[in-house]
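The next block holds one structure in the form of structure tokens; read it before the comments.
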Amino acid sequence: MELVDSFGRVHRDLRIAITDRCNFRCQYCMPEEGMKWMPRDSILTFEEIERVARLLVDRYDVDSIRLTGGEPTVRANLPDLVARLAALEVDLAMTTNGATLRLVADDLKAAGLKRLNISLDSLDRDRFIELTRRDDLHRVLDGIDAALEAGFDPVKINCVLMNGINDDEIVDFAEYGRDKGVIVRFIEFMPLDADEVWGHDKVVPLQRVIDTVNAVHPIEAIQRTSAPATRYRYLDGRGEIGVIATVTEKFCDSCDRIRLTADGTFRNCLFAVQDDSLRDAMRAGATDDDLAAIIEGSVGRKWAGHGIDDVHFIRPKRNMSQIGG
Ligand code: SAM
Ligand code: SF4
């Protein structure tokens with residue numbers, strides 16, 4: 001059976017935020033004063049996460065799972081969770097800030113994690129500190145090396161571009177990717193920042209990224225798939241880049257993504273304003289059919305698009321670290 005919404009989109013890609021906690025406080029994600037973490041008993045256990053994931057895989061043919069957060073590597077015994085989900089035989093990936101990857105990359109690979117995305121928004125130490133409020137650039141760069149040494153392939157770098165903040169580093173990032181053999185994906189800044197500083201003037205549009213890279217290292221477009229990134233390959237064969245243009249060229253028409261937050265709410269979109277609690281249902285003794293009814297109800301209500309440019313656009317109450325990017 002397929003998980004289809006009222007616009008005919010089939011959902012096979014599950015993102016699971018396994019914690020809301022994080023060792024960074026990135027400017028565009030968390031408030032300056034930090035977050036009040038969710039109480040531990042409100043967070044899904046590994047058994048509960050596995051139960052929801054298994055239901056989605058067995059009943060609706062979900063074939064791709066990405067672990068995110070908060071920062072997924074701060075969750076204790078992470079390789080145990082990875083091994084449980086790897087047993088579902090899905091394309092299993094994780095998004096991390098990379099700061100502790102040197103310590104865990106080998107164990108995650110051995111447990112069955114297939115792909116890694118590492119977030120990095122500046123290659124300049126002072127700017128990195130300003131953006132993340134942590135002096136950890138050297139750890140993240142070493143974490144990227146650790147991921148490559150552990151055999152992850154591909155390793156992707158997620159770089160959120162913000163006008164006037166790091167948009168002068170586009171070529172530096174492209175060259176870092178070419179030199180290291182990693183795929184850099186530039187992400188447009190989205191209105192999910194806790195401090196609510198987002199504005200259209202802060203978004204660096206896809207076309208500008210492409211023109212900037214192309215002027216130095218010529219690129220050509222690669223055929224689009226349902227994946228959110230618009231991809232380009234270097235004409236000299238030295239890899240590719242991607243741009244995730246959520247704001248200027250939204251890809252909602254082909255969105256196949258569903259989400260589970262750390263506290264067990266099911267969300268049909270990054271920008272959804274309604275949460276449906278699978279945790280409360282599970283803890284009240286719900287059967288798999290009961291959970292399936294909640295999931296199908298949520299997907300059935302999914303909007304056509306995120307509506308960032310609509311006058312009626314409502315910012316979700318949760319910021320990115322509580323939804324999982
Ligand atoms: N802590 C992990 C990390 O940073 O990779 C995983 C969670 S983080 C919320 C997931 C992704 O969301 C990161 O790549 C981050 O850069 C991105 N992100 C956070 N806030 C964003 C925003 N307002 N707009 C666009 N991307 C954002
Ligand atoms: Fe933490 Fe990731 Fe958000 Fe940065 S982007 S504060 S690393 S959750």
Side-chain angles (χ1 to χ4, degrees), residues 15-35 37-38 65-75 78 93-101 104 108 113 115-122 128-137 139-140 143-144 147 155-163 165-167 169 173 182-200 202-206 209 228-229 242-248 250-251 257 259-262 267 270-271 306 308 315-316 318-325:
R15 307 239 146 172
I16 309 176
I18 61 170
T19 177
D20 65 321
R21 290 167 195 246
C22 188
N23 41 3
F24 284 14
R25 275 184 294 122
C26 300
Q27 264 187 30
Y28 52 74
C29 181
M30 288 220 189
E32 183 155 16
E33 67 278 10
M35 299 277 300
W37 306 131
M38 295 169 181
I65 296 181
R66 175 172 295 276
L67 303 182
T68 173
E71 172 48 38
T73 59
V74 304
R75 183 120 188 204
L78 179 57
M94 185 175 86
T95 305
T96 170
N97 63 30
T100 57
L101 263 188
V104 289
L108 294 175
L113 188 69
R115 295 187 295 116
L116 262 180
N117 286 38
I118 300 163
S119 305
L120 177 60
D121 310 308
S122 180
F128 182 95
I129 295 171
E130 210 176 304
L131 280 170
T132 63
R133 302 166 176 134
R134 283 276 301 244
D135 186 7
D136 271 349
L137 176 61
R139 286 202 184 84
V140 177
I144 294 169
V155 170
K156 294 183 184 167
I157 306 299
N158 287 359
C159 173
V160 178
L161 286 176
M162 289 155 286
N163 241 341
I165 298 185
N166 61 351
D167 55 322
E169 291 191 62
F173 267 102
V182 297
I183 299 175
V184 175
R185 302 187 330 157
F186 296 100
I187 301 177
E188 287 181 353
F189 182 26
M190 291 181 256
L192 288 167
D193 55 315
D195 291 335
E196 303 200 10
V197 298
W198 184 88
H200 270 288
K202 302 245 171 43
V203 176
V204 181
L206 171 140
V209 177
V243 184
I244 303 190
T246 318
V247 181
T248 64
K250 70 180 170 118
F251 39 84
R257 219 163 256 186
R259 294 166 188 279
L260 183 65
T261 64
R267 293 175 65 83
L270 256 185
F271 296 92
H306 56 52
I308 288 174
R315 277 179 75 110
R318 292 168 181 254
N319 62 29
M320 196 64 131
S321 68
Q322 298 165 314
I323 300 171

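Whatever order the structure lists ligands and atoms in, that order sets their numbers, starting from 1.
Between Asp121 and Tyr28 there is a side-chain heavy-atom pair separated by less than 4.5 Å. Under the 4.5 Å side-chain criterion, counting only non-hydrogen atoms from C-beta, Asp136 is in contact with Phe24. With a 4.5 Å cut-off on side-chain heavy atoms, Gln27 and Met162 do not count as touching. Two residues are said to be in side-chain contact when any heavy atoms from C-beta on lie closer than 4.5 Å; Lys156 and Arg115 meet this criterion. Counting only heavy atoms from C-beta outward, the side chains of Ile157 and Ile144 approach each other to under 4.5 Å.
Listed by number with element, the atoms of ligand 2 under 4.0 angstrom from any heavy atom of Gly70 are 8 (S). Which parts of ligand 1 touch Met320 is read off a 4.0 Å heavy-atom cut-off, strictly below it: atoms 9 (C), 12 (O), 18 (N), 19 (C), 20 (N), 21 (C), 26 (N), 27 (C). For ligand 1, the atoms lying closer than 4.0 Å to a non-hydrogen atom of Thr96 are 2 (C), 3 (C), 5 (O). Every atom of ligand 1 is numbered from 1 in the order shown, and the set under 4.0 Å from a heavy atom of Glu188 is 25 (C). For ligand 1, the atoms closer than 4.0 angstrom to any heavy atom of Thr95 are 2 (C), 5 (O), 6 (C). With ligand atoms numbered from 1 in the order given, ligand 1 contributes 2 (C), 3 (C), 5 (O) to contacts under 4.0 Å with heavy atoms of Asn97. Heavy-atom contacts of Thr68 reach the following atoms of ligand 1: 6 (C), 7 (C) (cutoff under 4.0 Å). Interface of Met30 with ligand 2, defined as ligand atoms under 4.0 Å from a residue heavy atom, comprises 6 (S).
The heavy-atom pair separating Arg133 from Met30 by the smallest distance is NH1-O, 3.3 Å. Nearest heavy-atom pair across Arg139 and Ala99 is CB-O, 3.6 Å.
When only non-hydrogen protein atoms are considered, atom 2 (C) of ligand 1 lies nearest to Glu71 OE1, 3.3 Å. Nearest protein heavy-atom contact of atom 5 (O) of ligand 1 is Ser119 OG, 2.5 Å. Protein heavy atom at the shortest distance from atom 24 (N) of ligand 1 is Met190 N, 2.9 Å. Scanning the protein for heavy atoms near atom 11 (C) of ligand 1, the closest one is Gly325 CA, 4.0 Å. Looking from atom 21 (C) of ligand 1 to the surrounding protein, the closest heavy atom is Tyr28 CD1, 3.5 Å. Closest to atom 6 (C) of ligand 1 among all protein heavy atoms lies Gly70 O, 3.3 Å.
Residue Glu32 places its CD atom among 12 or fewer non-hydrogen atoms of other residues, nucleotides or ligands, all under 6.0 Å distant.
No hydrogens or angles considered: nothing links the side chains of Glu71 and Thr19 as a donor-acceptor pair under 3.5 Å. Defined by atom type and a distance below 3.5 Å, a donor-acceptor pair is present between the side-chain atoms of Arg66 and Thr95.
Under the 4.0 angstrom criterion for non-hydrogen atoms, Met320 is not in contact with ligand 2. The closest approach between any non-hydrogen atom of Gly69 and ligand 2 is not below 4.0 Å.
Within the 4.0 Å heavy-atom criterion, neither part of Ile118 lies near ligand 1. Within the 4.0 Å heavy-atom criterion, the part of Val160 lying near ligand 1 is the side chain and not the backbone.
Among the atoms of Cys22, none of the N, O or S atoms falls under 2.8 Å from atom 4 (Fe) of ligand 2.
Nearest residue to atom 3 (Fe) of ligand 2 from Cys29, Cys26, Pro31 is Cys29 (criterion: closest heavy atom).
For the side-chain contact (heavy atoms from CB on, under 4.5 Å) criterion with Leu120, the lone passing option out of Thr132, Leu137, Asn158 is Leu137.
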Quiz item: Should Leu116 and Leu101 be marked as a side chain to side chain contact (heavy atoms under 4.5 Å, CB included) after you check the CA-CA gap, both sets of side-chain angles, and the distance that decides it?
Solution: CA-CA 10 Å; Leu116 262 180; Leu101 263 188; 4.0 Å; yes
